[in-house]
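Below is one structure, written out as structure tokens; comments come after it.
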Amino acid sequence: MQSSSARARWVIGNWKMNGSLASNAALLEVLTAAPRPRPGCSIGVCVPSPYLNQAQRLLGATHVVLGAQDVSEHESGAFTGQVSAAMLREFGGRLVLVGHSERRQHNAETSEVVAAKARTAFAHGLTPVICVGETLLDRESGAAEATVSAQLAPCASLVRDAGTSLVFAYEPVWAIGTGKTATPGEAQAMHAFIREEIASFSPNARDTSILYGGSVKSSNAQALFSQVDIDGGLIGGASLVAADFLAIAAAL
Ligand code: 13P
């Protein structure tokens, strides 16, 4: 979908805890062989950390941007199991997801920790993809905007410092892996709200990319990506199937 906006447009795959050396190689071979997206549009893959080395090797200098799914807020030291921003950079990482709802839920990440992770990632030259989104309970009780606003608030100083070097992703928890997608209108309304929130932190941030995630498929990507405040997608399940991921990217 052609857009008049100057904002960077992205389709980013979040592989979550999926993959194997063999399946990754097959998937990345198809993605790297496909034509690069039109100017202003990019595709990326956020792989599990053990596969960064393989992905770095296979992606090389291709147009497919490499990312990770989490990063420590700490620089280095006694943080068993954590992965630092410097390590991600050494393995060719350029993007990193922070605050995915699965980490907020299963790893008790607070919005303050998420903001600290994004700050560390930014300081190391990574682009943090800051994920926010409400639960079904929040939405049904009329608290969707308040929830998202509270998730964004600790990022205010980072937004002021980083301007458009960040990426946000709106992923309503009730739409992740459920087959339920926010309607293009529902997604657009929340994206417009997020844009106003981050612009209230810093007017320059109005041109920050905001991606939609949650059951994006080739059949609904175009309708979502053509909304004025939706700058692309963060794709879970469909990013594991090369043809599906490329079809979604074609809707950028
Ligand atoms: P699905 O596309 O599988 O719903 O996952 C979305 C997501 O969580 C991407 O980060």
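Quick caveat: nothing in here was measured; it's all calculated off a predicted structure. In each ligand, atom 1 is the first atom listed, and ligand 1 is the first ligand listed.
Residues Val45 and Val64 form a side-chain contact, since some pair of their non-hydrogen atoms from C-beta on lies under 4.5 Å apart. Put simply, the side chain of Val30 does not reach to within 4.5 Å of the side chain of Phe245, judged on heavy atoms.
Near Ala175, meaning under 4.0 Å from any of its heavy atoms, are these atoms of ligand 1: 4 (O). For ligand 1, the atoms lying closer than 4.0 Å to a non-hydrogen atom of Glu171 are 6 (C), 7 (C), 8 (O), 9 (C), 10 (O). Atoms of ligand 1 found under 4.0 Å from any heavy atom of Gly214, numbered from 1 in the order shown, are 4 (O), 6 (C). Within the listing of ligand 1, atoms 9 (C), 10 (O) sit less than 4.0 angstrom from a heavy atom of Leu234.
The aromatic rings of His191 and Tyr170 lie perpendicular to each other, with more than 60° between the two planes, well past the 30° mark.
Considering both main-chain and side-chain atoms, Thr178 never comes within under 3.5 Å of ligand 1 through any nitrogen or oxygen pair. Here's the thing with Gly236: one of its N/O atoms is less than 3.5 angstrom from an N/O atom of ligand 1. Of the polar atoms of Gly237, at least one N or O is found under 3.5 Å from an N or O of ligand 1, judged by distance alone. Where the criterion is an N or O separation shorter than 3.5 Å, residue side chain and backbone included, Lys16 meets it with respect to ligand 1.
Looking at Gln69, Glu102, His100, it is His100 that brings a heavy atom closest to atom 8 (O) of ligand 1.
In this structure a side-chain-to-backbone donor-acceptor pair under 3.5 Å is missing from Asp70 to Lys117. Between the Gln82 side chain and the Gly77 main chain, no donor and acceptor come within less than 3.5 Å of each other. Judged by distance alone, with hydrogens and angles left aside, the side-chain atoms of Ser239 form a donor-acceptor pair with the main-chain N or O of Gly236 at under 3.5 Å.
Checked by atom type, the side-chain pair His124/Glu75 shows a donor-acceptor distance below 3.5 Å.
Ligand 1 does not have Gly213 within reach: every non-hydrogen atom of the residue lies 4.0 Å or more from it.
With a 4.0 Å heavy-atom cut-off, ligand 1 is reached by the backbone of Ile176 and by its side chain too.
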